[in-house]
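All chains are named by letter (A, B, ...) in the order of the sequence lines, taking the proteins before the strands, and each is independently numbered beginning at 1. Everything numeric in this text was worked out from a predicted model, so none of it was measured.
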2 protein chains.
Amino acid sequence: MGAADGGTSPGLLDRATLGSRVRDYLLVEIANGRLAPGSPVRELDIAKRLGTSQTPVREAFRELAAFGLLEARSHVGTRVREVGERELAEAVPVRAALEAVAARLAAPHVAADPSRLEAALDELVRVATLDDRLAYANACTQFHREVVRSAQNDSLLRAWNALGIEIMTIMTMLTNEEPLDVAAEGHRGIVEALASGDAERSVAIVNAHVAAYIPGATEPPVHVTG
Amino acid sequence: MGAADGGTSPGLLDRATLGSRVRDYLLVEIANGRLAPGSPVRELDIAKRLGTSQTPVREAFRELAAFGLLEARSHVGTRVREVGERELAEAVPVRAALEAVAARLAAPHVAADPSRLEAALDELVRVATLDDRLAYANACTQFHREVVRSAQNDSLLRAWNALGIEIMTIMTMLTNEEPLDVAAEGHRGIVEALASGDAERSVAIVNAHVAAYIPGATEPPVHVTG
DNA sequence: TGCTGCAGGATTATCGATAATCCTTGACGC
DNA sequence: GCGTCAAGGATTATCGATAATCCTGCAGCA
């Protein structure tokens, strides 16, 4: 699965399958409003538009439906579902809880070897200069995934992946005006706290960071810079 | 989903599609141990065995993988997810964090209408008399899923489902000697706490319950914000 | 020995076409 | 007028086959 990988994601380079690319395409179309809520989407339409067969499109539909972005009725049709702020906000406490666990478990590991997380941060900062909000959203997700991965707990990573952070991040970034460089720098405090090995401070900073992602806040999220 | 419906389930009568029937078949095979954890499952094998084509099987695989029951690697193979003791212990803080969020969110809903949860408890107690540890494990999973479902938060339910509690519970129950009636009654306190609407007490009780699930894991439950 | 690279087998990923299903529309009987 | 039912169109569901990818094992070599 690719950029919007929600399931048990293997390596970072597995974004090659057509299904995942179709899903990302649909995700962006939904996020920026070209596919408005309520509008029907037909498998063969999308397939023809993207030059693929029905199969990968079908897979993408299933995945997006599982995340509540599409609504499918068998043999009848599929349409873009109205995804309200409430539904996006629902994920915040769950994400906060998981990333709090992640921070607590990751702190000693990151303190021992912060290189991977620092690399993810560098990449995030680099991508922030490209003025490509989609690319930034993906890098941002990768950074947070790296934090969770640093906890070295497969169950935690699995649960976090299931939240579909990619989707939320893409939706947030594309409907947001926050400058990318500011957003990117907001992650530095997380790295510093984790690298210091202070688990409780890491938890607090991560919680504040996640809470700032609540959608609907059109104001730039207040990033804790540690 | 069908029999072990966990996610955004379609209608109850939608089990006509081949994909859903294949999924249910695999679910049963896993639940009763004919498909043991770690054993590989091949799409074309299952397709041939059930007399279908690869497509519905593939769909079922994807769904069960999202559910945490299967583990797929692109172009390589799929196997029933295996949970070793290490992973079993790893899952405890994650599960504790998620069920703590669940308890906090569910308390008011259960207090308003405890019937569903009480029904799940009744079923659990009933199955406990059958001396069938496998059936008990499934009922137990269903009970805990009902708790999580009571939180009425799709993201939470998705994350919890991804942990693959089914398999963990099955493994635990089959390598355990705890009397079933005692185990079943141990869930009554959860229902009572939730039904009372006392969120914090519910969180505490759920945390204790989850922590007790793993032999030797007496570490203090993780505190979570929420 | 230990390493590199290249078949060959195994498995999934994708394709193009066909079948099954559902909804709509309109005719028909009452 | 109203309910019932039967085509017909639209869409997904499924099929069978082919392509792409990954891993394994072995040969060749330093």
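- One atom, CZ of A:R79, and another, P of D:dT11, lie 11 Å apart when rounded to the nearest Å.
- When each of B:L44 and B:E59 is assigned the nucleotide of DNA chain D with its nearest heavy atom, B:E59 is the one assigned upstream, toward the 5' end.
- To the nearest 0.5 angstrom, A:Q54 atom CD is 4.5 Å from A:E43 atom CD.
- The side chain of A:L18 approaches C:dT14 more closely than any other nucleotide in the set D:dC15, D:dA13, C:dT14.
- Separating the CG atom of A:L50 from the P atom of C:dC15 is a distance of 11 Å, rounded to the nearest angstrom.
- Taking atom CZ of residue A:R42 and atom P of nucleotide D:dG9, one finds them 16 Å apart after rounding to whole Å.
- Between A:E71 and A:R79, none of the side-chain N atoms (NZ, or NE/NH1/NH2) sits under 4.0 Å from a carboxylate O, so this pair counts as no salt bridge.
- In this structure, A:R58 places its CZ atom 12 Å from C1' of D:dC15, rounding to the nearest Å.
- In this structure, A:T55 and B:E43 both approach DNA chain C, and ranking their closest nucleotides by distance from the 5' end singles out B:E43.
- Taking the charged nitrogens against the carboxylate oxygens, A:R23 and A:E166 have no contact shorter than 4.0 Å, which rules out a salt bridge.
- Positionally, the nearest nucleotide of DNA chain C for B:F61 lies more toward the 5' end than for the other of A:R73 and B:F61.
- Using a 4.0 Å heavy-atom cutoff across all strands shown, B:V57 reaches no nucleic acid atom at all.
- Rounded to whole Å, atom C1' of D:dG9 lies 15 Å from atom NE2 of A:H75.
- Going from atom CD1 of B:I46 over to atom C1' of D:dC15 covers 18 Å, rounded to whole Å.
- Contact annotation: B:T78 does not reach the phosphate of C:dT11 (side-chain N/O to OP1 or OP2, under 4.0 Å).
- Phosphate contact (OP1/OP2 of D:dA13, side-chain N/O of A:S74, threshold under 4.0 Å): present.
- In summary, of the residues considered (B:L157, B:N153, B:D154), a side chain to side chain contact (heavy atoms under 4.5 Å, CB included) with A:V94 occurs for B:N153 alone.
- A:K48 places its NZ atom 13 Å from the P atom of D:dT11, with the value rounded to the nearest Å.
- At a threshold of 4.0 angstrom between heavy atoms, the contacts of A:R62 are confined to the sugar-phosphate backbone, with no base atom among them.
- Atom CZ in B:R21 sits roughly 12 Å away from atom C1' in D:dT14 (whole-Å rounding).
- Using a cutoff of 4.0 Å between basic side-chain nitrogens and carboxylate oxygens, A:E59 and A:R62 are not scored as salt-bridged.
- A donor-acceptor contact under 3.5 angstrom links the side-chain atoms of B:Q54 to the base of C:dA13.
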